[in-house]
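Reviewing the structure listed below.
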Amino acid sequence: MRSLISTFVSLLASATFTVGIPRSGSGTVTAKARAATSTARSNTAAKAAGKLYFGSATDNPFLNEDATYKAILSDNTLFGQLSPENAMKWDATEPEQGVFTFTNGDVIVALAQANGQIMRGHNTVWGSQLPSWVSDSGFDNATLISVMQNHVSTVIGHYKGQMLTYLTMYAEPFNDDGTLASNVFFETIGPTYIDLALQAARAADPNAKLYINDFNIEGEGAKATAMENLVTDLKSRGIPIDGIGLESHFILGEIPTTLQAQMEAFTALGVEVAVTELDIRMTLPETDALLAQQQTDYQTVVSACTAVADCVGVTVWEYTDKYSWVPSTFAGQGDADPWDENLEMKPAYDGIIAGFSS
Ligand code: G3I
């Protein structure tokens with residue numbers, strides 16, 4: 001796997017772009033505090049730290065409409081890995097039963113291939129972003145198993161051998177108290193749906209790394225323990241599982257103090273981990289102090305991955321505030337990413353570089 005990745009060819013020379021131009025009207029934020037100062041490159045730094053990549057999520061509308069955004073994303077000294085933010089989800093790939101559309105996902109895979117970047121797939125089975133023909137189907141147990149297996153097999157089969165080396169096969173199985181989350185798969189099939197989905201994924205592409213992803217598992221607690229128990233159980237029964245994705249949608253100043261210890265607890269089970277959806281949101285407006293805290297927080301997260309041998313990499317859930325999912329979900333919050341709305345590096349970027357250097 002690692003030798004395969006090492007053969008990927010880096011096609012792009014280092015792109016250059018301006019850093020440090022302050023946004024107008026940014027209140028208490030000064031030009032000096034606004035700008036990143038590091039000249040190091042984030043993916044280069046990740047690899048120097050022994051990681052496979054530093055990466056970003058991306059989505060087709062942004063790629064289509066914003067050439068500057070795409071050029072920065074395509075610089076493989078900055079980003080060595082891409083995740084599709086929405087393009088490979090169930091509602092995007094099988095909007096009608098048996099009718100598969102891979103157009104948007106294929107665009108992102110082709111971009112990663114052209115850039116010499118690793119792809120992580122995201123995601124084949126999740127309780128959200130399901131078309132109504134799945135979520136409201138009323139399918140019986142046997143029918144939904146067949147529908148789920150067909151979806152997993154077809155999507156993963158389509159991308160087999162196309163650099164889709166990592167897959168978030170299953171997303172967000174747990175409630176915060178560690179019980180299994182209610183969704184149409186759990187309600188209809190029961191907990192074995194996780195086994196069946198993982199087995200279908202492994203059969204469709206034996207070389208893909210299979211991950212289960214969740215949020216609020218980044219520090220010790222009931223949900224993290226439930227993930228440990230699930231992975232232990234899966235491995236004891238020979239169900240394929242290769243990694244745990246720590247989504248890492250954090251709130252400024254609230255990075256779990258047990259983050260590294262929790263990563264180590266996961267890798268002690270014989271799986272790898274990755275930070276798969278990192279962002280660190282603040283209550284707006286930005287201030288110099290908030291940007292400084294965000295720099296510290298990014299460094300804390302990246303340092304934890306650097307310190308854990310089997311943490312393979314860090315992915316931000318969009319590299320820029322311009323296209324973050326956060327403001328539309330959390331009113332009054334945002335600016336969660338290491339590049340700002342003008343596609344300029346923030347102090348958080350320096351935190352990332354420092355984290356890979358620790
Ligand atoms: O595709 C429709 C489009 O047709 C329509 O015109 C438009 C109108 O609002 O909506 C579009 O769908 C949106 C979709 O993103 C694609 O852009 C949905 O409204 C919107 O809710 C959806 O948000 C995504 C969210 O998952 C949905 O749960 C975010 O972009 C995406 O960043 C977010 O990502 C998730 C991970 O997959 C799993 N972990 C948590 C993370 C953050 O919620």
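In this chain, numbering begins with 1 at the start of the sequence shown. Since the model is a prediction, treat every value here as computed from it, not as a measurement. Both ligands and their constituent atoms are indexed starting at 1 by order of listing.
- Within the 4.0 angstrom cut-off, atom 20 (C) of ligand 1 has no protein heavy-atom neighbours.
- A donor-acceptor contact closer than 3.5 angstrom links the side chains of N213 and E277.
- Between Q262 and M227, the closest side-chain pair of non-hydrogen atoms is not below 4.5 Å.
- Taking the ring centroids of H249 and F215, they lie at or beyond the 6.0 Å cut-off.
- For ligand 1, the atoms sitting less than 4.0 Å from at least one non-hydrogen atom of E247 are 39 (N), 40 (C), numbered in the order shown with element in parentheses.
- In terms of protein heavy-atom proximity, atom 31 (C) of ligand 1 is nearest to E85 OE2, 3.5 Å.
- Of the protein's non-hydrogen atoms, the one nearest atom 34 (O) of ligand 1 is W317 NE1, 3.1 Å.
- Distance screen at 4.0 Å: atom 43 (O) of ligand 1 has a protein heavy-atom neighbour inside the cut-off.
- Classification of the Y193-F186 ring pair by plane angle, with boundaries at 30° and 60°, yields perpendicular.
- With ring centers used as reference points, W90 lies under 6.0 Å from F185.
- Using a 30° and 60° split on the angle between ring planes, Y69 and Y319 fall in the parallel class, below 30°.
- Under the 4.0 angstrom criterion, atom 36 (C) of ligand 1 counts as having a protein heavy-atom contact.
- For atom 8 (C) of ligand 1, the nearest protein heavy atom lies 4.0 Å away or farther.
- Distance check on atom 4 (O) of ligand 1: every protein heavy atom falls at or beyond the 4.0 Å cut-off.
- Judged by distance alone, with hydrogens and angles left aside, the side-chain atoms of E218 form a donor-acceptor pair with the main-chain N or O of N216 at under 3.5 Å.
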Item checked: Worked verdict on R34 versus E286 for salt bridge (charged side-chain N to carboxylate O under 4.0 Å, His left out) -> CA-CA 10 Å; R34 181 108 204 50; E286 282 181 351; 3.4 Å; yes
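- In this structure, atom 28 (O) of ligand 1 lies nearest to the protein heavy atom Q129 OE1, 3.3 Å.
- Contact annotation for atom 15 (O) of ligand 1: protein present (non-hydrogen atoms, distance under 4.0 Å).
- Between W126 and ligand 1, not a single N/O pair is under 3.5 Å apart.
- In this structure, atom 24 (C) of ligand 1 lies nearest to the protein heavy atom N86 OD1, 3.5 Å.
- Shown here, atom 12 (O) of ligand 1 is out of close reach of the protein: none of its heavy atoms lies under 4.0 Å off.
- Scanning E277, K89, H122 for the heavy atom closest to atom 39 (N) of ligand 1 points to E277.
- Using cut-offs of 30° and 60° on the angle between ring planes, the pair F102 and Y159 is perpendicular.
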